[in-house]
Chemist: 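Please find one structure pasted underneath; my questions will follow.
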Amino acid sequence: MFGRNQVVNMINRSAENQSDRRRFLRSAGLGGLGVVGAATMSSGAFAPVAAAEEAPSDGAILNFALNLEYLEAQFYSYAVTGAGLPDKLTGGAGARGGVTGGRSVRFESKMVRQYAQEIASDERAHVEFLRSALGSAAVAQPEIDLQNSFTAAAQAAGLVRDGEAFDPFANEDNFLLAAYLFEDVGVSAYKGAAPLVSNKTYLEAAAGILAAEAYHAANIRSALYSKDTGLLGTGLLGRDLKEASVKLSDARDSLDGADDLDQGVVDENGRANIVPTDQFGVTYSRSAGQVLNIVYLTNKEATSGGFFPRGVNGEINTSAASG
């Protein structure tokens, strides 16, 4: 996602003009800060850069976040309504792509249905906010795959056998596992951007989005942990949804680097692990490249794959080579 030094750089070095700068300040509720406040933010994206001229442009940083929000918003929109985002929310710079897969989920419980509805509303609001902030510089929605990508992820995690499909919209259990695959990635992405934020006003805005994503992730993790149903009825391999979460966690870990940071909804002793933290109670971070490793479903440097068959739109589009 994005951190504040990225936003600051976006405002000060706007890829468009003063009008775009004012638009962002208004959208973020920061219209009274002025140039001096914005100047306190340093440049950079998810990882440090050697010099200012090497930093991604302001527009590139927020557009990276917008690509990811398109993915989440489409997934939840289809799950709760049976339809994706309207065309008015998917146009922009670059090639606009469609969505493969997606349909409404027949939720079994009122709780999970309402979780999904609330998260869908939040993710659409994130898309609307970023598009408003970027104005004419906003990238279009890239091509998104909500079908083959989930099958590939499930096969890699050992949830289904090779040659078998995984449908995230087939039932409530599958939906929760698919949502779990996304949610922790969003939290770790915003966390990774946090150290780059210096101006407290911008930090508050970034922290607000991080908090929303963390609430979403906790809801999904809690729902997975609370379910007592096994996986035999869903066609998945394994004993229960808790075990499945650990398998998906291990699959994510295999893509984003050598560190073993990702955690399932239970620990090695089978106890609840709703908040994945280190020994100090601190959640972990991912860089933009590591995030793309996961959504491209590769542990190598790449510019497309997985959930984005033709890659994301914008300048930040390459996964980490050391995944």
Side-chain angles (χ1 to χ4, degrees), residues 72 75-76 78-80 101-120 146-188 213-256 260-278 281 283-284 294-295 297 306-307:
E72 288 188 305
F75 169 73
Y76 286 107
Y78 272 104
V80 302
R103 58 192 173 96
S104 60
V105 176
R106 294 188 63 180
F107 293 103
E108 301 166 8
S109 65
K110 179 180 178 181
M111 179 190 74
V112 176
R113 181 176 68 252
Q114 291 188 353
Y115 281 176
Q117 290 169 339
E118 183 176 10
I119 295 173
L146 296 177
Q147 182 175 302
N148 302 307
S149 55
F150 277 114
T151 290
Q155 289 177 354
L159 297 185
V160 296
R161 295 182 177 86
D162 290 344
E164 294 183 349
F166 173 80
D167 182 358
F169 305 97
N171 52 60
E172 183 173 288
D173 290 355
N174 284 20
F175 164 80
L176 286 172
L177 290 173
Y180 167 76
L181 184 62
F182 282 147
E183 289 301 338
D184 283 7
V185 178
V187 174
S188 59
E213 297 293 344
Y215 276 124
H216 296 168
N219 282 343
I220 299 300
R221 293 175 73 95
S222 296
L224 282 170
Y225 180 80
S226 66
K227 276 196 168 261
D228 293 325
T229 57
L231 295 177
L232 294 178
T234 66
L236 301 182
L237 303 174
R239 292 175 298 180
D240 56 32
L241 294 174
K242 302 177 187 65
E243 180 184 279
S245 78
V246 175
K247 289 184 176 182
L248 284 173
S249 173
D250 290 342
R252 285 191 304 228
D253 244 336
S254 71
L255 296 173
D256 67 357
D260 183 11
L261 299 174
D262 210 304
Q263 302 170 26
V265 304
V266 290
D267 63 18
E268 61 273 12
N269 298 312
R271 295 174 299 194
N273 188 45
I274 305 305
V275 186
T277 62
D278 62 15
T283 59
Y284 54 94
I294 295 174
V295 296
L297 298 180
F307 294 93

Chemist: Does Tyr284 have more than 12 heavy atoms from other residues, nucleotides or ligands lying within 6.0 Å of its OH?
Modeler: yes
Chemist: Measure across Val160 and Ala165 and return the closest heavy-atom pair with its distance rounded to 0.1 Å.
Modeler: CG1-O, 4.0 Å
Chemist: Measure the spacing between CG of Asn174 and CG of Asp167 and express it to the nearest 0.5 Å.
Modeler: 7.0 Å
Chemist: For the pair Glu172 and Lys227, find out whether any cationic side-chain nitrogen is under 4.0 Å from an anionic carboxylate oxygen.
Modeler: yes
Chemist: Starting from the C-alpha separation in whole Å, work towards a yes-or-no answer on side-chain hydrogen bond (donor to acceptor under 3.5 Å, both in side chains) for Arg252 and Tyr180.
Modeler: CA-CA 11 Å; Arg252 285 191 304 228; Tyr180 167 76; 3.2 Å; yes
Chemist: Is there a side chain to side chain contact (heavy atoms under 4.5 Å, CB included) between Phe307 and Leu181? Walk through the geometry before answering.
Modeler: CA-CA 12 Å; Phe307 294 93; Leu181 184 62; 3.8 Å; yes
Chemist: With a 4.5 Å limit on heavy-atom distance, are the side chains of Ser245 and Tyr225 in contact?
Modeler: no
Chemist: Taking atom CD of Gln155 as the centre, report whether more than 12 heavy atoms of other residues, nucleotides or ligands fall under 6.0 Å from it.
Modeler: yes
Chemist: Under a 4.5 Å cut-off applied to non-hydrogen side-chain atoms, are Asp173 and Leu241 in contact?
Modeler: yes
Chemist: Quick one: does Val265's side chain get under 4.5 Å of Asn273's, heavy atoms only?
Modeler: no
Chemist: Would you sort out whether Phe107 and Tyr115 count as a ring pair (Phe, Tyr, Trp, His ring centres under 6.0 Å), showing the intermediate values?
Modeler: CA-CA 11 Å; Phe107 293 103; Tyr115 281 176; over 10 Å; no
Chemist: Side chains of Glu183 and Glu72: closer than 4.5 Å at any heavy-atom pair?
Modeler: yes
Chemist: Counting distance only, does the side-chain N/O of Ser249 pair as donor-acceptor with the main-chain N or O of Asp262 below 3.5 Å?
Modeler: yes
Chemist: Please work out whether the ring planes of Phe169 and Phe150 are parallel, tilted or perpendicular, with thresholds of 30° and 60°.
Modeler: perpendicular
Chemist: How many angstroms lie between atom CG of Asp278 and atom CD of Gln263, to the nearest 0.5 angstrom?
Modeler: 8.5 Å
Chemist: Which atom names give the shortest non-hydrogen contact between Ser149 and Leu297, and what distance separates them?
Modeler: O-CD1, 3.5 Å
Chemist: Heavy atoms only: give me the nearest Ala157-Leu248 pair and the separation to one decimal.
Modeler: CB-CD2, 3.8 Å
Chemist: Using side chain to side chain contact (heavy atoms under 4.5 Å, CB included), reason through Asn171 and Val105 one step at a time and then give a plain yes or no.
Modeler: CA-CA 6 Å; Asn171 52 60; Val105 176; 5.9 Å; no
Chemist: Atom OG in Ser188, atom CG in Leu261: separation rounded to 0.5 Å?
Modeler: 9.5 Å
Chemist: Atom CD of Glu118 and atom CZ of Arg113: how far apart are they, to the nearest 0.5 Å?
Modeler: 13.5 Å
Chemist: When you measure from the side chain of Thr151 to the backbone of Phe166, do you find a donor-acceptor pair of N or O atoms at a distance under 3.5 Å?
Modeler: yes
Chemist: Do Phe182 and Tyr76 have their ring centres less than 6.0 Å from each other?
Modeler: no
Chemist: Nearest 0.5 Å, what's the CD-CD1 distance between Glu213 and Ile119?
Modeler: 9.0 Å
Chemist: Working to the nearest 0.5 angstrom, can you tell me the gap between Met111 CE and Asn219 CG?
Modeler: 8.5 Å
Chemist: If every non-hydrogen atom of Leu146 is compared with every non-hydrogen atom of Gly101, which pair is closest and at what distance?
Modeler: CB-C, 4.5 Å
Chemist: So do Val246 and Glu243 actually touch side chain to side chain, heavy atoms under 4.5 Å?
Modeler: no
Chemist: Would you call Gln114 and Ser109 a side-chain contact if the rule is heavy atoms closer than 4.5 Å?
Modeler: no
